[in-house]
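Notes to accompany the following structure.
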Amino acid sequence: MTTESIIKEDIKKAILAQFELSVEDIVLQPTKKEFEGFYTFVSFALSKSIRKAPAEIGQLIGAYLLEHSTIVSDFNVVQGFLNISLKDTVWLQTIDQISKNAHFGSSEPNGASVMVEFSSPNTNKPLHLGHLRNNFLGDSLAKILETSGYQVVKTCLVNDRGIHICKSMLAYQYLGNGETPETAQLKGDHLAGKYYVLFDKEYKTQIKDLIAQGKTPEEAAKQAPWMQEAQKLLRLWEQGDKETVDLWHKMNGWVYAGFNETYTKIGVEFDKTYYESDTYLLGKDIIEEGLEKGVFFKKDDQSVWVDLTAEGLDEKLVLRGDGTSVYITQDLGTTELKYSEYHSNRYLWVVGNEQDYHFKVLFAILKRLGRTYAQECHHISYGMVDLPTGKMKSREGTVVDADDLVAQMIQTAADRTQELGKIEDFQSEEAKLLYHQLALGALKYFLLKVDPKKRMLFNPEESIDFQGHTGPFIQYTYARIRSIGRKAVATSIQGAIPAAGYSLHPAERELIFFLSQYPQKVKAAAEEFAPSIISLYAFELAKVYNQFYAEVSIFADPNPESVQFRIALSAAVAKTIQHALGLLGIDAPERM
RNA sequence: GGUCCCGUAGCUCAGUUGGAUAGAGCAACUGCCUUCUAAGCAGUAGGUCUUUGGUUCGAAUCCAAACGGGAUCACCA
């Protein structure tokens with residue numbers, strides 16, 4: 001039983017004893033800093049049924065707690081707010097348990113499994129900042145769910161086919177001159193992206209020419225030679241034309257090599273990768289099933305539709321008149337495939353909020369088809385990363401490239417570290433590792449500290465900070481504590497939790513309180529699919545520790561019990577920071 | 001136009017699901033390194049929570065409308 005639930009039980013008893021009223025749920029909130037106490041009970045709501053003033057109610061509950069509760073040491077009442085302080089023995093027990101717990105923050109396996117799909121790149125362009133948010137969110141979410149007891153499968157669905165892929169292939173056929181990543185000295189994904197841009201450039205000129213010849217913009221867009229040819233290439237690919245398929249293999253091979261390099265660099269990996277070229281034909285049997293069940297209906301032109309107006313959605317096409325699939329057909333098929341291969345209990349899709357509607361439709365259809373897992377399908381919808389100039393558009397070259405950004409961050413980390421000159425004894429490999437850890441710490445934290453649902457702004461003019469509310473601030477706090485740990489070892493002082501009777505310093509109490517909140521934060525992050533909850537917690541914990549660090553001396557304290565305690569307390573903080581950063585995919589360096 | 005999301009300090013974001021005098025970081029200004037890492041700590045300044053109504057003991061939070069921004073409404077993915 002947690003201290004919080006003990007207080008809640010005691011308050012229930014108090015209300016029953018003082019007012020003969022039984023209350024279901026007691027809600028406690030952390031006491032605001034300007035008031036004395038750690039937990040606050042708000043009594044306004046009780047005022048009506050008890051017919052006493054909120055302050056009086058608070059007073060009576062407080063008095064009861066002081067007399068009967070084994071853990072309450074003091075209380076004060078401000079209007080309807082009952083602020084509760086706890087005995088130091090309670091805090092000492094709390095930190096003792098946290099210290100002993102090697103898996104503090106983690107839960108036992110819960111027997112359930114969850115599949116998290118994220119990243120989902122297109123093979124016609126390199127990864128950009130938007131993908132980074134997606135990747136970091138997905139990866140962090142997977143870690144949070146795993147530590148919460150789920151068995152997690154991370155999947156990636158690669159969009160490796162379709163007209164857009166044919167566009168870069170076509171441009172390469174015309175303009176490539178046999179160029180390869182080696183001859184071009186370019187990562188494969190960037191090389192493919194180059195031809196995608198070249199296609200677009202030429203295509204636009206062709207449209208312009210056609211409009212000049214009197215075509216409407218719509219006609220021009222359809223009739224432009226390169227568009228016609230790209231479509232022809234798509235048909236050839238679907239027919240399995242050897243030359244086309246070979247080129248497709250070759251270019252995709254380059255792209256995958258490039259992607260893998262990036263994934264390795266940012267520390268993201270998958271348990272299972274699906275390719276759309278394998279799954280794009282799936283889903284047609286589900287269309288059959290839906291027709292039989294009367295969930296779908298056929299129009300005169302043989303196209304198949306679903307009417308979701310009852311759910312507040314529209315009629316939606318699920319199969320073209322010519323019998324070929326659309327996006328939703330594939331997704332129905334892929335979801336069924338995932339289910340048949342893994343039988344996971346839950347399915348998550350980390351996909352941008354521009355696809356909110358698509359997922360509403362997908363889940364509504366699954367429900368109508370009677371899929372039991374439909375209840376446990378969730379779209380983790382996240383906001384776009386915008387630039388000061390607006391939305392990123394890959395074709396227009398207004399994207400922040402992932403590889404460039406990471407390289408730039410590493411450079412900044414190196415410059416900053418060298419300026420500070422704290423690691424001059426590091427070997428070059430150690431230093432490089434540290435720069436990498438700091439760069440990714442800053443980048444990941446920057447993207448994960450914001451509520452995923454909200455869109456966010458990235459200003460390339462202002463580089464991502466290493467001070468203040470940042471990843472490196474938290475990493476720094478960890479490194480500081482590790483330094484204390486090393487000194488403790490060097491001076492042969494063991495960390496220890498003092499026996500009952502030890503009088504806590506306010507800064508110590510504050511730290512224990514913050515530590516005790518961690519498991520709830522992990523739980524909330526898992527329930528709300530929000531790594532930002534962990535991010536904010538880690539920052540606050542680090543901040544509270546730094547205040548403690550500035551306020552008390554650890555080794556110079558005359559009381560040896562205090563020295564030992566502060567070493568143990570610091571170690572518990574370090575452990576928790578490391579765990580929390582780990583959930584964000586951020587490494588905690590020993591020194592920096 | 002229909003549907004959905006958003007609007008909090010100069011900037012970037014929190015705000016524990018309706019509670020106390022709305023909080024952080026950055027930027028600005030002031031202090032603090034001979035002592036455990038100053039990537040830090042302490043402080044000053046900065047707000048009509050877009051606006052207007054409503055709900056109630058109590059609203060940044062819930063409801064309605066207006067204004068502003070974004071997404072989506074493809075036989076694209």
Quick one: do the A:Thr412 and A:Ser463 side chains pair a donor with an acceptor below 3.5 Å?
no
Separation between the P atoms of B:C63 and B:C4, rounded to whole Å
12 Å
Is the closest side-chain donor-acceptor distance between A:Tyr280 and A:Glu238 under 3.5 Å?
no
Output the rounded distance in Å from CD (A:Glu238) to C1' (B:C76).
13 Å
For the pair made of CD1 in A:Ile533 and P in B:U17, what is the distance, rounded to whole Å?
11 Å
Distance in angstrom units between A:Met456 CE and B:G70 C1', rounded
16 Å
Looking at every strand, decide which applies to A:Thr477 at a 4.0 Å heavy-atom threshold: base, sugar-phosphate, or nothing.
nothing
Base, sugar-phosphate, or nothing: which does A:Ala488 touch, judged by heavy atoms less than 4.0 Å apart?
nothing
Pairwise P distance for B:C13 and B:A20, with rounding to whole Å
25 Å
What nucleic acid atoms does A:Asn459 come within less than 4.0 Å of, heavy atoms only: base, sugar-phosphate, or nothing?
nothing
Whole angstrom value for the distance that separates P of B:U16 from CD of A:Glu528:
10 Å
Quick one about A:Asn353 and A:Tyr382 (side-chain donor to acceptor, distance below 3.5 Å, no hydrogens or angles considered), yes or no?
no
Is B:U21 syn or anti, taking syn as a glycosidic angle within 90° of 0?
anti
Any donor-acceptor N/O pair under 3.5 Å between B:A20 base and A:Asn83 side chain:
yes
Using a heavy-atom cut-off of under 4.0 Å over every strand shown, decide if A:Lys453 touches base, sugar-phosphate, or nothing.
nothing
RNA chain B: 5'-proximal contact among A:Phe548 and A:Val78 (nearest heavy atom)
A:Val78
If stacking means aromatic ring centre less than 5.5 angstrom from the base's six-membered ring centre, planes under 30°, is A:Tyr476 stacked on B:G40?
no
For atom C1', what is the distance between B:A42 and B:G53, given to the nearest Å?
45 Å
Is a side-chain donor-acceptor pair under 3.5 Å present for A:Asn159 with A:Glu276?
yes
On the side chain of A:Thr40, is there an atom forming a donor-acceptor pair with the base of B:A20 - under 3.5 Å, no angle test?
yes
What does A:Gln79 touch in the nucleic acid at a heavy-atom separation under 4.0 angstrom: a base, only the sugar-phosphate, or nothing?
nothing
Watson-Crick and G-U pairing of RNA chain B written in dot-bracket, each distance under 3.5 angstrom, with | for inter-strand partners
(((((((..((((.....[...)))).(((((.......))))).....(((((..]....))))))))))))....
Distance, rounded to the nearest Å, where A:Lys449 contributes NZ and B:U12 contributes C1':
6 Å
Looking at A:Arg486, I'd like to know whether one of its side-chain N or O atoms comes within less than 4.0 Å of OP1 or OP2 on B:C36.
no
Scan A:Phe473 against the nucleic acid and name what it touches under 4.0 Å (heavy atoms): base, sugar-phosphate only, or nothing.
sugar-phosphate
Give one of base, sugar-phosphate or nothing for A:Leu438, where a contact means two heavy atoms less than 4.0 Å apart.
base
Could you tell me the separation between the NE2 atom of A:His358 and the P atom of B:C73, rounded to a whole number of Å?
11 Å
Report which part of the nucleic acid A:Ser47 touches: base, sugar-phosphate, or nothing (heavy-atom distance under 4.0 Å, all strands).
nothing
May I ask you to check if A:Lys52 and A:Phe19 form a cation-pi contact, with NZ or CZ under 6.0 angstrom from the six-membered ring centre and within 45° of the axis?
no
Would you find a donor on one side and an acceptor on the other, under 3.5 Å apart, between the side chain of A:Ser43 and the backbone of A:Gly80?
yes
Is the ring of A:Phe44 stacked on the base of B:G58, with centres less than 5.5 Å apart and planes under 30° off?
no
Taking B:G40 as the reference, what is the distance to B:U56 when you measure between their P atoms (whole Å, please)?
48 Å
Hey, are A:Lys523 and A:Glu528 close enough for a salt bridge, meaning a charged N less than 4.0 Å from a carboxylate O?
no
Considering only atom C1', compute the distance from B:A27 to B:C11 and round it to an integer number of Å.
8 Å
Which is true for A:Ala479 with a 4.0 Å heavy-atom rule: it touches a base, it touches only sugar-phosphate, or it touches nothing?
base
A:Lys125/A:Asp189 salt bridge by N-O under 4.0 Å criterion
no
Between A:Asp200 and A:Lys204, is the closest basic N to carboxylate O distance under 4.0 Å?
yes
Would you say a side-chain N or O of A:Gln467 is under 4.0 Å from OP1 or OP2 of B:G25?
no
So if I take every side-chain heavy atom of A:Arg455 and compare against B:U21, B:A71, B:G69, which nucleotide ends up nearest?
B:G69
Are a donor atom and an acceptor atom from the side chains of A:Thr123 and A:Asn252 found within less than 3.5 Å of each other?
yes
Nearest to the side chain of A:His469, heavy atoms from C-beta on, is which of B:U17, B:G25, B:C41?
B:G25
Roughly how many Å is it from CG in A:Asn546 to C1' in B:C41, rounded to a whole number?
8 Å
Any side-chain N or O of A:Arg320 below 4.0 angstrom from OP1/OP2 of B:A77?
yes
Quick one: which of B:U37, B:C36, B:A42 gets closest to the side chain of A:Gln547?
B:A42
Answer yes or no for A:Lys298 and A:Trp305: cation-pi contact, defined as NZ/CZ to six-membered ring centre under 6.0 Å and angle to ring axis within 45°.
no
Considering only the P atoms, how many Å lie between B:G10 and B:A22, rounded to the nearest integer?
16 Å
Just confirming the chi classification of B:C33, syn or anti, using 90° around 0 as the syn window.
syn
Would you indicate what A:Val304 reaches in the nucleic acid, counting non-hydrogen atoms under 4.0 angstrom: base, sugar-phosphate, or nothing?
nothing
Taking any heavy-atom pair under 4.0 Å as a contact, classify A:Ser553: base, sugar-phosphate, or nothing.
base
Provide the distance between the two C1' atoms, one in B:A9 and one in B:G46, to the nearest whole Å.
6 Å
The nucleotide from B:U37, B:A14, B:A24 with an atom nearest the side chain of A:Arg480 is B:U37
Contact class for A:Asn159 vs. all strands (heavy atom < 4.0 Å): base, sugar-phosphate, or nothing?
sugar-phosphate
Of the candidates B:A24, B:U21, B:U72, the side chain of A:Lys543 sits closest to B:A24
What nucleic acid atoms does A:Ile484 come within less than 4.0 Å of, heavy atoms only: base, sugar-phosphate, or nothing?
sugar-phosphate
Strictly distance-based, threshold 3.5 Å: is any side-chain N or O of A:Tyr203 a donor or acceptor partner for the main-chain N or O of A:Ala221?
yes
C1' atoms of B:U30 and B:G19, separation to the nearest Å:
35 Å
Rounded to whole Å, please give me the gap between OH in A:Tyr549 and C1' in B:A38.
10 Å
Strictly below 4.0 Å: does A:Lys316 bring a side-chain N or O up to OP1 or OP2 of B:A74?
no
When all nucleic acid strands are considered with a 4.0 Å heavy-atom cut-off, which category describes A:Val326: base, sugar-phosphate, or nothing?
sugar-phosphate
Name the closest nucleotide to the A:Ser303 side chain, picking from B:A24, B:C75, B:A77.
B:C75
